[in-house]
There are 2 protein chains.
Amino acid sequence: MTTGTLVPVFAALGDETRWSILAALGEGDASASALAGRLPVTRQAIMKHLAVLQEVGLVESERVGREVRYRVIGAQLSDAARRLDAIGAEWDRRLAAIKQIAEGL
Amino acid sequence: MTTGTLVPVFAALGDETRWSILAALGEGDASASALAGRLPVTRQAIMKHLAVLQEVGLVESERVGREVRYRVIGAQLSDAARRLDAIGAEWDRRLAAIKQIAEGL
DNA sequence: AAGAAGTGCAATCCTGTGGTTGCAAGACGC
DNA sequence: GCGTCTTGCAACCACAGGATTGCACTTCTT
């Protein structure tokens with residue numbers, strides 16, 4: 001069961017503000033300053049969040065002149081989802097087996 | 001996009017110790033004390049973790065005499081996974097559309 | 001009845017981190 | 001060149017939370 005690099009991704013997803021940022025980026029790529037204009041937090045706070053999102057590969061950045069535009073990588077979400085689902089399925093399988101044993105089958 | 005009660009679940013999954021507990025419970029139901037014997041943390045620390053896991057519905061408890069046995073609910077993991085996958089897919093769809101526009105199609 | 005094993009609650013400690021303000025440095029538009 | 005916009009540190013603050021120790025209470029065993 002390779003939880004591997006999965007835990008930090010969930011840690012990143014376990015913050016409301018970060019979801020706000022992801023949602024805002026869903027409307028289209030944006031810079032930290034642009035996001036700061038739309039969200040009720042400072043640009044610096046947003047930059048920190050973008051840093052952790054980029055760290056776990058949920059977001060990528062591209063420098064355009066004097067600004068840095070951020071973009072969501074949806075595939076990463078799907079990947080994390082697939083891995084989580086595999087783990088959940090494994091648990092269900094095991095629980096089902098235990099239940100059968102418990103029922104004396 | 002109903003992130004709803006999803007964020008706390010990810011927050012709960014964003015901790016290595018909690019995964020250790022889930023993994024240990026995967027071997028079979030166990031009490032807090034039993035888990036404390038297998039993991040390098042105190043029983044009280046484990047109890048706190050079990051509390052947050054139960055809070056978000058990843059685990060359920062049952063009192064048996066003087067002890068309280070905990071059990072993983074695998075279906076909850078699968079559910080969170082499905083919801084996350086839906087969000088990821090939505091993002092991919094949107095990104096694909098943007099890409100087409102960008103390519104002048 | 002008495003000891004052992006388990007839970008529950010509370011106080012405490014310390015690190016992590018989400019948030020802020022302030023300022024220096026880079027890139028653009030005139 | 002000069003004002004403007006944006007990024008990039010760095011310091012700092014406050015709170016949450018992961019972990020510990022200590023003690024009281026309940027339940028089982030003998």
Side-chain angles (χ1 to χ4, degrees), chain A residues 3-25 27-73 80, chain B residues 3 5-25 27-72 80:
Chain A
T3 30
T5 176
L6 196 55
V7 178
V9 176
F10 290 135
L13 291 177
D15 183 282
E16 299 278 1
T17 307
R18 233 118 57 191
W19 276 100
S20 305
I21 293 176
L22 289 176
L25 285 180
E27 306 292 324
D29 306 0
S31 68
S33 298
L35 290 171
R38 290 212 268 159
L39 298 177
V41 279
T42 330
R43 174 183 65 89
Q44 285 79 350
I46 290 184
M47 288 195 66
K48 287 189 188 177
H49 285 303
L50 286 171
V52 335
L53 287 173
Q54 191 162 23
E55 186 93 8
V56 301
L58 285 172
V59 131
E60 62 185 2
S61 67
E62 177 195 5
R63 176 130 219 164
V64 179
R66 72 177 149 184
E67 68 178 17
V68 178
R69 327 206 91 247
Y70 290 86
R71 177 178 23 259
V72 181
I73 308 180
Chain B
T3 30
T5 175
L6 194 57
V7 179
V9 176
F10 289 136
L13 292 177
D15 183 283
E16 299 278 2
T17 307
R18 234 118 56 191
W19 276 101
S20 305
I21 293 176
L22 289 177
L25 284 181
E27 306 292 325
D29 304 2
S31 69
S33 297
L35 290 171
R38 290 211 268 159
L39 298 177
V41 279
T42 331
R43 173 183 64 89
Q44 283 78 352
I46 290 183
M47 288 195 66
K48 287 190 189 175
H49 285 303
L50 286 171
V52 335
L53 288 173
Q54 190 163 23
E55 187 93 9
V56 300
L58 285 173
V59 131
E60 62 185 4
S61 66
E62 178 196 5
R63 176 131 217 162
V64 180
R66 73 178 147 182
E67 69 177 17
V68 179
R69 328 206 90 247
Y70 290 86
R71 175 178 24 259
V72 181

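Just the heavy atoms: all of them, side chains too, but no hydrogens, waters or symmetry mates, feed the values below. Naming convention: chains lettered A, B, ... in sequence-line order (proteins, then strands); numbering from 1 in each chain. This structure is a prediction, so every number in the text was calculated from the model and none was measured.
- For the pair B/His49 and D/dG17, the criterion of a side-chain N or O lying under 4.0 Å from OP1 or OP2 is not met.
- Rounded to an integer number of Å, the gap from B/Met47 CE to C/dA5 P is 18 Å.
- Between the side chain of A/Arg66 and the base of C/dG29, no donor-acceptor pair of N or O atoms lies under 3.5 Å.
- Side-chain atoms of A/Glu67 and A/Ser33 include no donor-acceptor pair closer than 3.5 Å.
- Between the P atom of D/dT7 and the CD atom of A/Gln54 lies a distance of 13 Å, rounded to the nearest Å.
- Among the atoms of the strands shown, only primed sugar atoms or phosphate atoms (P, OP1, OP2) are found under 4.0 Å from some heavy atom of B/Arg18.
- The phosphate of D/dG18 has neither OP1 nor OP2 within less than 4.0 Å of any side-chain N or O from B/Thr17.
- Distances shorter than 4.0 Å separate some side-chain N or O of B/Arg63 from OP1 or OP2 on C/dG8.
- For a distance-only test at 3.5 Å, the side chain of B/Lys48 fails to qualify as a donor-acceptor partner of the base of D/dG17.
- Within 3.5 Å, a donor on the side chain of B/Gln44 pairs with an acceptor on the base of D/dG22, or the reverse.
- If you check every strand for non-hydrogen atoms under 4.0 Å, A/Val41 touches sugar and phosphate atoms only.
- Protein atom OH of A/Tyr70 is 10 Å distant from nucleotide atom C1' of D/dG8, rounded to whole Å.
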